[in-house]
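Nothing here was measured: the structure is a model prediction, and the numbers come from that model.
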Amino acid sequence: MTTDEANGGDGQQQPPVVYDLGADCTPDDVEEGVPYLGTVNGVVDYGVFVDLSEFVSGLVHESNLSGEYDVGDEFVVELDEVRANGDIAFEEVSLDEYDVESVSHDYDLGDVSSLTEILGETVHLEGQVVQIKQTGGPTLFHVRDETGVVPCAIFEEAGVRARPDVDVDDYVRVTGEPERREDAVQIEADSLTVLAGEDANAVEQRLDAAIEERAAPRDVDPLVEWPAFEKLRGDLESVARLLRRTVLEGRPIRIRHHADGDGMCASVPVELALERFIDEVHEDPDAKRHLFKRLPSKAPFYEMEDATRDLNFALEDRERHGQKLPLLLMLDNGSTEEDTPAYETLRHYDIPIVVVDHHHPDPEAVESLLTEHVNPYLYDEDYRITTGMMCVELARMIYPGMTDELRHVPAVAGISDRSEADAMEDYLELAHEEGYDEQDLKDVGEALDYAAHWLRYNSGQHLINDVLDVGDDGDENRHRELVDTLAEKSRRDVEDQLDAVLPHVEHEELSNGAHLYQIDVENSAHRFTYPAPGNTTGAVHDRKVEETGDPVITIGYGPDFAVLRSDGVRLDIPTMVTELDEEIVGGGISGGGHLVVGSIKYVKGRREEVLDSLIEKMAEADIDEELGSTSSPV
């Protein structure tokens, strides 16, 4: 090298370089004859102690010290010696000018998936903080890398937040020893360094690439060949990808679903698939309890009461447990304008909303508020593709290993929601292969409805799993006996209700030839018991269809609501509700549903006007004997 090159190529002497060790550098990173930047951490009579990093500290003896320093001062040192006991001695280097260059520790990075194989050994991880949880002892920083999520414990003092400079979403480097704590593996962290600049960008890019690959939905063939379903496959794959990515990123998921048979058949398979995927990703065995929750909704839309409660819990979990705000997954409801006030409330927060539903949607009202929306009506199909049928396939895209235990569920969903889909025969055949005949499937559906009624706002996870015969703790005998008991109680209570209401049913024949039956379910039925007004109306309707064999419409009404059922008449209930709202100003009309099953709300004082207008529209509806809410393939 020429003298000019050594001077930087311009004939000017370049200042020497002093190296600033990264916080996680070790004594192995220190070389003799190389100047390092040290920080005074203690002053004694015989010299000063300096830190070069969290793991490199030593004494500058007074004989090797030319200046006077206080704690926190910086000056340049070189390695003097490393004693047999591991103590390090430095000597001061006097430099008037110098350039500082940062030095990072040269790591052999480990990964979360291999921690159980190296318990007690030092490991280095790079990843992103997804949760910060304060316990009565250490602070737990949950860190995700390409392969999973692991809690990293740092102890400041009992119940005191360690490293308050670290936030959720920071990219970090952790050094420590993986240890087993009860049933969990966690890292006892010796150091945690927040990465910035190129280091953080490199980790972000690496994680994004790995997560994008791992989030991909599993490639599974549908349980039955069905052209109508193929139209929805791409949308369901997008939802599966998003849900898997949400788990990988450590964001909680909250499911809201309609509290009926189809809603249960939709939500429970997705619940099981997500819980098993969470177990696969997270080292903490309690992760699924903290990151996932399923709750039923009594109304066929997302009520403000439910939305504000969900939001409040999410904000509390963020404050108390350091969690991200959740993704909201709406199943078997969530597609209508009635949902928009709740969605607009959540829009003020970072809460993605995903809807999988088969009720008649209001795309113009909800699309801008949703991250994903799957609905057969968006592809010129209809309610006969039930949400339970779609969600069984969604669950398999998330976690295909559970396919065998779900083969009977689409048939239960179809029967519960009175589907006349072309694929019902194939679904019934699948269920038959699993030991279910048509009556068995009806019994399961009735048991689900009965249990959902009494569970009210509770998910009843273990009970519902037993009724539906899914999950890891399945007991075939208990399932059969439980279904028999609940289905029998359901039929008994329905008969008791019919005995009370049938004498009060009013009948008239409409101009289009349909029979109209009306019943005041508020004053003529047992209240606060099973079946509720909706199912009571359905039971009356089924009885009248069976008796007449003709087109039948049934209205069960109360002070401010009406439940609607139809067989053989093309009502298009969502359109009727929209028209009534426009025509009866101040009626407070809302509602929706399918073509032949729905509900409507109104202002109490306008009931007579609303029902009269509704009946006029029903009298003008076309007769279509292929449409029904009672008929099924069984």
Side-chain angles (χ1 to χ4, degrees), residues 5-6 8-10 14-31 34-39 50-57 74 76-77 79 95 97-115 122-132 139 141-152 154 162-176 178 187 189-215 245-246 248-251 281 322 324 350:
E5 289 173 330
D10 58 5
Q14 298 296 307
V17 173
V18 172
Y19 295 95
D20 182 13
L21 294 183
D24 42 6
C25 286
T26 69
D28 292 337
D29 296 303
V30 180
E31 301 179 23
V34 176
Y36 297 98
L37 192 64
T39 302
V50 296
D51 291 333
L52 272 61
S53 73
E54 290 188 22
F55 301 101
V56 181
S57 300
E74 293 182 339
V76 181
V77 299
L79 180 64
L95 294 173
E97 295 183 21
Y98 54 86
D99 291 332
V100 177
E101 183 176 313
S102 296
V103 176
S104 298
H105 181 63
D106 187 14
Y107 286 97
D108 290 327
L109 290 176
D111 59 64
V112 172
S113 65
S114 63
L115 294 180
T122 298
V123 66
H124 308 285
L125 293 179
E126 288 183 346
Q128 186 181 35
V129 178
V130 297
Q131 181 184 357
I132 302 174
T139 305
F141 298 85
H142 291 249
V143 177
R144 72 172 177 97
D145 69 359
E146 300 94 323
T147 65
V149 180
V150 64
C152 302
I154 299 180
R163 296 299 303 274
D165 58 307
V166 180
D167 295 320
V168 170
D169 291 333
D170 280 348
Y171 292 95
V172 297
R173 181 181 298 124
V174 180
T175 298
I187 292 178
D190 297 318
S191 71
L192 186 152
T193 304
V194 177
L195 303 177
E198 293 183 0
D199 290 338
N201 290 337
V203 176
E204 180 180 13
Q205 291 175 12
R206 194 176 74 236
L207 293 187
D208 281 349
I211 286 179
E212 185 64 24
E213 179 178 351
R214 194 173 180 189
R245 185 179 186 95
T246 300
L248 292 166
E249 291 176 344
R251 180 193 287 269
V281 170
K324 298 180 179 182
D350 178 26

Heavy-atom closest contact (Leu21 atom, Tyr36 atom, distance): CD2-CE2, 3.8 Å
Before accepting this row, confirm whether a basic side-chain N of the pair Asp169/Lys324 lies closer than 4.0 Å to the acidic partner's carboxylate O. yes
Can you find a pair of side-chain heavy atoms, one from Leu79 and one from Val34, that are under 4.5 Å apart? no
Taking atom OG of Ser53 and atom CG of Leu37, what is their separation to the nearest 0.5 Å? 12.0 Å
Sequence neighbours excluded, the answer for side-chain contact (heavy atoms from CB on, under 4.5 Å) partners of Asp170 is Val166, Asp167, Val172, Val194
Point-to-point distance, once rounded to the nearest 0.5 Å, from CD of Glu97 to CD of Gln14: 11.0 Å
Taking only residues at least two apart or on different chains, which pairs with a member in residues 199-210 satisfy side chain to side chain donor-acceptor pair (under 3.5 Å)? Glu126-Arg206, Glu146-Arg206
Sequence neighbours excluded, the answer for side-chain hydrogen bond (donor to acceptor under 3.5 Å, both in side chains) partners of Thr246 is none
Can a side-chain donor-acceptor contact be found between Thr39 and Asp51 if the only test is distance below 3.5 angstrom? no
Verify, without hydrogens or angle tests, whether Asp145 (side chain) and Val112 (backbone) share a donor-acceptor contact under 3.5 angstrom. yes
Interatomic spacing from CZ in Phe55 to CG in Asp29 - rounded to 0.5 Å: 11.0 Å
Taking Arg173 for its side chain and Leu125 for its backbone only, find out whether a donor-acceptor pair lies under 3.5 Å. no
Would you give the length of the straight line joining atom NE2 of His124 to atom CG of Asp190, rounded to the nearest 0.5 angstrom? 9.5 Å
Take Ile154 and Leu192 through the test side chain to side chain contact (heavy atoms under 4.5 Å, CB included) and record every step on the way to the result. CA-CA 9 Å; Ile154 299 180; Leu192 186 152; 3.8 Å; yes
Using the rule side chain to side chain contact (heavy atoms under 4.5 Å, CB included), only one of Leu248, Val129, Leu207 pairs with Arg144; which is it? Leu207
Counting distance only, does the side-chain N/O of Tyr98 pair as donor-acceptor with the main-chain N or O of Val76 below 3.5 Å? no
How far does CG of Asp20 sit from SG of Cys25, to the nearest 0.5 angstrom? 9.0 Å
Nearest atoms (heavy-atom pairs only) where Leu195 meets Ala200: O-CB, 3.6 Å
Mind running side chain to side chain contact (heavy atoms under 4.5 Å, CB included) on Val203 and Gln128 for me, showing each step along the way? CA-CA 8 Å; Val203 176; Gln128 186 181 35; over 6 Å; no
Rounded distance [0.5 Å steps], OH in Tyr19 versus CG in Leu52: 13.5 Å
Which atom of Val150 lies closest to which atom of Ile187, heavy atoms considered: CG1-CD1, 4.1 Å
Which pair of non-hydrogen atoms, one from Asp99 and one from Pro15, has the smallest distance, and what is that distance? OD2-CG, 3.5 Å
Between the side chain of Arg214 and the main-chain N/O of Thr147, is any donor-acceptor distance below 3.5 Å? yes
Min side-chain heavy-atom separation Val123-Val174 under 4.5 Å: no
